[in-house]
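Chain naming here is simple, since letters A, B, ... match the order of the sequence lines and numbering starts at 1 in each. In this text the structure is predicted, and so the values were computed from the model without any measurement. Values below: all heavy atoms of this structure, side chains included; hydrogens, waters and symmetry mates excluded.
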There are 2 protein chains.
Amino acid sequence: MSREVTPIADQLRARGMRVTAARHAVLEWLADNPHATVEHVHDGISQRLGSISKQAVYDVLKACLEADLVQQIKPAGHPARFERRTGDNHHHLVCRSCGRIEDVDCAVGARSCLNPDHDHGFEVDEAEVMYWGICGACRTAATNAPGDDHSRQ
Amino acid sequence: MSREVTPIADQLRARGMRVTAARHAVLEWLADNPHATVEHVHDGISQRLGSISKQAVYDVLKACLEADLVQQIKPAGHPARFERRTGDNHHHLVCRSCGRIEDVDCAVGARSCLNPDHDHGFEVDEAEVMYWGICGACRTAATNAPGDDHSRQ
DNA sequence: CCGATAAACTTGAATCAGTCAAGTTTACGA
DNA sequence: TCGTAAACTTGACTGATTCAAGTTTATCGG
């Protein structure tokens, strides 16, 4: 059900990138499965592609990252996650326990928290807002069976 | 020049923690060297203490973290950093190139960006704001000798 | 359509921060 | 001053990510 405005192949070509089965599969799959880890992506597209190395997934994601076709989220202590939604300054809600991520629109309105009052000589290009907490599933799991987090989303 | 309000030993005892040479050294050193990595702390206090294992530094920092005596910052792609300033909702400016960190007071005023508009069933306990950019030193280094980041602060 | 070639992919080793585990030492209350 | 749990030492291990060398393939010029 990926309702792409532009076909994936065109998006790649528009940036001068080669169109490969791996790239197509990753981008298509990611559109339907936001906040996926490399592991998730690999599992997800291996079926559709027959097989693909994990390194290729890293390569594809890195290329798409640089081409601004995907965005990366790296929550401390959890593997990186990827999503197709880029450039709209939205933030993320991260579960401390399982690493699950949800999107959150900027609570203070677009770009309001993007400029620090004092930049210490830095050239700032991004403001990242991350809300940390425990998701519903993990809270339930914790009360039912204390001490066992059912980890990994 | 650590101008502690309360002596370090007392701060530890106040939380029911044992006062050890390692803990004292770490906390004292950290007061004068904010945003240090485990490596930095280890190097810094090894001299003052004669010797200490890196694992002990991890242990001390973990204990102090749980006792709220230090705060941890984990910038994506860089080793964790520690500081004594806690509980005042300040944010951080991180250099993409060398990982150097500077403090920034909340641009939108205390706690204004702490509550996401939709919590997706999460129990949110922290909002983390991280500004990413390139610090002055790395910008200079990049223009002088392109392609060589003089990394690691 | 066909080959050349640089980009993309495969495989497997390496790195790096951090964690685990078993044994020894030490702070501190009795 | 003694016993004990907490803290420290040493060294192995993990898991995500990166590096590197060799092979395959998309695309472009002919």
| Can a donor-acceptor pair under 3.5 Å be found between the side-chain atoms of B:Gln55 and the base atoms of C:dC20? | yes
Could you state the atom-to-atom distance from [atom1] of [X] to [atom2] of [N] in whole Å?
| X | N | atom1 | atom2 | value |
| --- | --- | --- | --- | --- |
| B:Arg13 | C:dA27 | CZ | C1' | 10 Å |
| B:Arg15 | D:dA6 | CZ | C1' | 18 Å |
| B:His42 | C:dG18 | NE2 | C1' | 14 Å |
| A:Arg23 | D:dT24 | CZ | P | 19 Å |
| B:His78 | C:dT15 | NE2 | P | 20 Å |
| A:Lys54 | D:dG15 | NZ | P | 11 Å |
| B:Glu66 | D:dA6 | CD | C1' | 13 Å |
| A:Leu49 | C:dA8 | CG | P | 16 Å |

Worksheet item: Under 4.0 Å between a side-chain N or O of A:Arg18 and OP1 or OP2 of D:dT25?
Response: no
Contact under 4.0 Å: B:Thr20 side-chain N or O vs D:dC8 OP1/OP2: yes
Between B:Met17 and B:Tyr58, the residue closer to the 5' end of DNA chain C by nearest nucleotide is B:Tyr58
Note: for B:Val19 and B:Lys62 on DNA chain C, the residue whose nearest nucleotide lies more 5' is B:Lys62
With the side chain of [X] defined as its heavy atoms from C-beta on, choose the nearest nucleotide among [options].
| X | options | result |
| --- | --- | --- |
| B:Val38 | D:dT18, C:dG18, D:dT9 | C:dG18 |
| A:Val60 | D:dA16, C:dC9, D:dC8 | C:dC9 |
| B:Ile52 | D:dT9, C:dG18, C:dC28 | D:dT9 |
| A:Ser53 | D:dT10, C:dT10, C:dA17 | C:dT10 |
| A:Ala56 | C:dC9, D:dA7, D:dT18 | C:dC9 |

Set out, in order, the CA-CA distance, both residues' side-chain angles and the distance that settles salt bridge (charged side-chain N to carboxylate O under 4.0 Å, His left out) for A:Asp68 and A:Arg15, then state yes or no.
CA-CA 9 Å; A:Asp68 224 28; A:Arg15 287 154 231 247; 5.8 Å; no
Between A:Arg48 and A:Glu28, does a side-chain contact (heavy atoms from CB on, under 4.5 Å) hold up when you go through it step by step?
CA-CA 11 Å; A:Arg48 301 196 195 187; A:Glu28 185 171 57; 3.5 Å; yes
**Message:** Before you tell me yes or no, could you show the steps for B:Lys62 and B:Asp59 under salt bridge (charged side-chain N to carboxylate O under 4.0 Å, His left out), namely the whole-Å CA-CA distance, both residues' side-chain angles and the distance that decides it to 0.1 Å?
**Reply:** CA-CA 5 Å; B:Lys62 191 182 175 210; B:Asp59 287 350; over 6 Å; no
Tell me what A:Ala22 touches on the nucleic acid: a base, only sugar-phosphate, or nothing, going by heavy atoms under 4.0 Å.
sugar-phosphate
For A:His35 and A:His40, I'd like to know if the aromatic rings sit close, meaning centre-to-centre distance below 6.0 Å.
no
Would you call B:Glu102 and B:Arg100 a salt bridge, using N to O less than 4.0 angstrom?
yes
